[in-house]
**Student:** 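Please read through the structure below; I'll follow up with questions.
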Amino acid sequence: QVQLVESGGGLVQAGGSLRLSCAASGRTFSSYAMGWFRQAPGKEREFVAAINRSGGSTWYADSVKGRFTISRDNAKNTVYLQTNSVKPEDTAVYYCAASSGYGSYDNSGRYDYWGQGTQVTVSS
């Protein structure tokens with residue numbers, strides 16, 4: 001069992017930055033691949049970024065590539081999402097998720113555990 005708690009969301013102006021954090025409980029954090037997803041009002045949840053168990057490989061949605069960076073600190077049981085040059089269309093609830101299995105990193109179905117989400121609002 002893994003519990004995930006996101007933090008770091010808030011209100012930011014377009015062009016600004018936010019660093020989201022996701023703290024995981026348990027001693028087996030390094031055995032999970034981690035992902036960030038987001039859901040805007042009236043829209044489906046969408047993939048944002050993912051990182052493998054060691055942190056050596058990352059994947060991004062085209063919409064955030066070059067602006068967002070995912071990283072993890074296995075010693076601190078935490079995964080981060082650095083969001084730079086944010087746009088109003090980045091406004092959403094951001095969720096982190098943990099996966100013990102395999103499959104496409106952008107497929108929400110491969111993730112076993114989800115956090116409660118943190119709101120990011122970008123003003124124009």
Side-chain angles (χ1 to χ4, degrees):
Q1 190 81 7
V2 175
Q3 290 187 324
L4 304 172
V5 179
E6 301 98 333
S7 61
L11 176 64
V12 60
Q13 287 190 330
S17 300
L18 277 177
R19 188 196 199 199
L20 307 184
S21 299
C22 173
S25 65
R27 296 188 227 173
T28 59
F29 178 70
S30 60
S31 66
Y32 292 89
M34 300 297 295
W36 284 96
F37 289 75
R38 66 186 181 186
Q39 187 167 19
K43 294 190 175 181
E44 304 242 331
R45 187 172 298 189
E46 65 174 3
F47 169 74
V48 176
I51 189 166
N52 71 347
R53 291 163 175 79
S54 67
S57 296
T58 57
W59 295 262
Y60 296 94
D62 288 343
S63 59
V64 306
K65 204 171 291 183
R67 299 188 298 120
F68 290 11
T69 302
I70 188 172
S71 62
R72 67 190 295 163
D73 186 335
N74 286 343
K76 295 183 178 180
N77 284 11
T78 302
V79 63
Y80 305 97
L81 186 69
Q82 178 68 42
T83 69
N84 297 331
S85 303
V86 295
K87 306 174 182 179
E89 51 264 44
D90 294 321
T91 295
V93 177
Y94 283 70
Y95 300 89
C96 72
S99 170
S100 61
Y102 298 87
S104 299
Y105 283 93
D106 60 353
N107 179 5
S108 62
R110 74 164 282 176
Y111 293 87
D112 309 293
Y113 303 102
W114 294 81
Q116 83 289 348
T118 186
Q119 176 72 48
V120 172
T121 303
V122 182
S123 63
S124 56

**Student:** Determine the minimum heavy-atom distance between Ala24 and Leu4, stating which atoms define it.
**Tutor:** CB-CD2, 3.6 Å
**Student:** Could you measure the distance from the CZ atom of Phe68 to the OG1 atom of Thr58? Nearest 0.5 Å is fine.
**Tutor:** 14.0 Å
**Student:** Can you tell me if Asn77 uses its side chain to pair, donor with acceptor, with the backbone of Phe29 under 3.5 Å?
**Tutor:**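 Looks like no, no N/O pair under 3.5 Å.
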**Student:** Set out, in order, the CA-CA distance, both residues' side-chain angles and the distance that settles side chain to side chain contact (heavy atoms under 4.5 Å, CB included) for Gln82 and Ser17, then state yes or no.
**Tutor:** CA-CA 7 Å; Gln82 178 68 42; Ser17 300; 3.9 Å; yes
**Student:** Search all heavy atoms of Leu11 against all heavy atoms of Ser123 and return the closest pair with its distance.
**Tutor:**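 Answer, listing the atom of Leu11 first, then Ser123: CD1-CB, 4.3 Å.
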**Student:** Considering residues, nucleotides and ligands other than Glu89, do more than 12 of their heavy atoms fall under 6.0 Å from its CD?
**Tutor:**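 Yes, the 6.0 Å shell around CD holds more than 12 heavy atoms from other groups.
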**Student:** Between Asp106 and Phe37, is there a side-chain heavy-atom distance shorter than 4.5 Å?
**Tutor:**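 No - every pair of side-chain heavy atoms lies 4.5 Å or more apart.
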**Student:** Measure the shortest side-chain to side-chain distance between Tyr95 and Gln39 over non-hydrogen atoms and say whether it is less than 4.5 angstrom.
**Tutor:** yes
**Student:** Are Phe47 and Trp114 connected in the hydrophobic side-chain network, where two residues link if heavy atoms are under 4.5 Å apart?
**Tutor:** yes
**Student:** Could you check whether any side-chain N or O of Tyr111 sits under 3.5 Å from a backbone N or O of Tyr105, counting only pairs where one atom can act as donor and the other as acceptor?
**Tutor:**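 Side chain of Tyr111 to backbone of Tyr105, a donor-acceptor pair under 3.5 Å: yes, one is there.
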**Student:** Measuring from Asp90:CG to Ser63:OG, what's the distance to the nearest 0.5 Å?
**Tutor:**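 That separation rounds to 7.0 Å.
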**Student:** Who pairs with Tyr60 by ring-ring contact (aromatic ring centres under 6.0 Å, His included), at least two apart in sequence or on another chain?
**Tutor:** none
**Student:** Within the structure provided, determine whether Trp36 and Tyr80 are in side-chain contact (heavy-atom separation under 4.5 Å).
**Tutor:** no
**Student:** If you define the side chain from C-beta out and look only at heavy atoms, does anything of Gln1 sit under 4.5 Å from Tyr113?
**Tutor:** yes
**Student:** According to the disulfide bond (SG atoms under 2.5 Å apart) rule, which pairs have a member within residues 65-124, sequence neighbours left out?
**Tutor:** Cys22-Cys96
**Student:** If you take all heavy atoms of Asn52 and Arg72, which pair is closest and at what distance?
**Tutor:** O-NH1, 2.8 Å
**Student:** Nearest heavy-atom pair of Ala14 and Ser124: which atoms, and what distance?
**Tutor:**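 Closest pair (atom of Ala14, atom of Ser124, distance): CB-CA, 4.3 Å.
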**Student:** Please check this pair: side chain of Ser99 against backbone of Arg110, looking for a donor-acceptor N/O pair closer than 3.5 Å.
**Tutor:**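 Confirmed, Ser99 side chain pairs with Arg110 backbone.
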**Student:** Quick one: are Arg53 and Ser30 in side-chain contact, heavy atoms under 4.5 Å?
**Tutor:**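 Side chain of Arg53 against side chain of Ser30, heavy atoms only: no contact under 4.5 Å found.
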**Student:** Heavy-atom distance under 4.5 Å between the side chains of Val64 and Arg38, does that happen here?
**Tutor:** yes
**Student:** Going by heavy atoms in the side chains, are Leu81 and Val48 under 4.5 Å from each other?
**Tutor:**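 Yes, their side chains come closer than 4.5 Å.
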**Student:** Over all heavy atoms of both residues, which pair between Ser21 and Thr78 is shortest? Give the atoms and the distance, please.
**Tutor:**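 Closest pair (atom of Ser21, atom of Thr78, distance): CB-CG2, 4.3 Å.
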**Student:** For the CD1 atom of Ile70 and the OG atom of Ser57, what is their distance to the nearest 0.5 Å?
**Tutor:**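 Those atoms lie 11.5 Å apart.
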**Student:** With the threshold set at 4.0 Å, does a side-chain nitrogen-carboxylate oxygen contact exist between Asp62 and Lys65?
**Tutor:** yes
**Student:** What is the distance from atom OG1 of Thr91 to atom CD of Gln119, rounded to the nearest 0.5 Å?
**Tutor:**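 Result: 7.5 Å between the selected atoms.
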**Student:** Indicate yes or no: at least one non-hydrogen side-chain atom of Thr83 is less than 4.5 angstrom from one of Arg67.
**Tutor:**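 A side-chain contact is absent here, since even the closest heavy-atom pair is not under 4.5 Å.
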**Student:** Just checking Gln116: does its CD atom have more than 12 heavy atoms from other residues, nucleotides or ligands closer to it than 6.0 angstrom?
**Tutor:** yes
**Student:** Check whether Tyr94 and Val12 end up in the same hydrophobic cluster, where Ile, Leu, Val, Met, Phe, Trp and Tyr are linked by side-chain heavy atoms less than 4.5 Å apart.
**Tutor:**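 Cluster IDs for Tyr94 and Val12 match.
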**Student:** Using the rule given for side chain to side chain contact (heavy atoms under 4.5 Å, CB included), can you reason through Val79 versus Ile51, listing the C-alpha separation, both sets of side-chain angles and the distance that settles it, and then say yes or no?
**Tutor:** CA-CA 9 Å; Val79 63; Ile51 189 166; 4.2 Å; yes
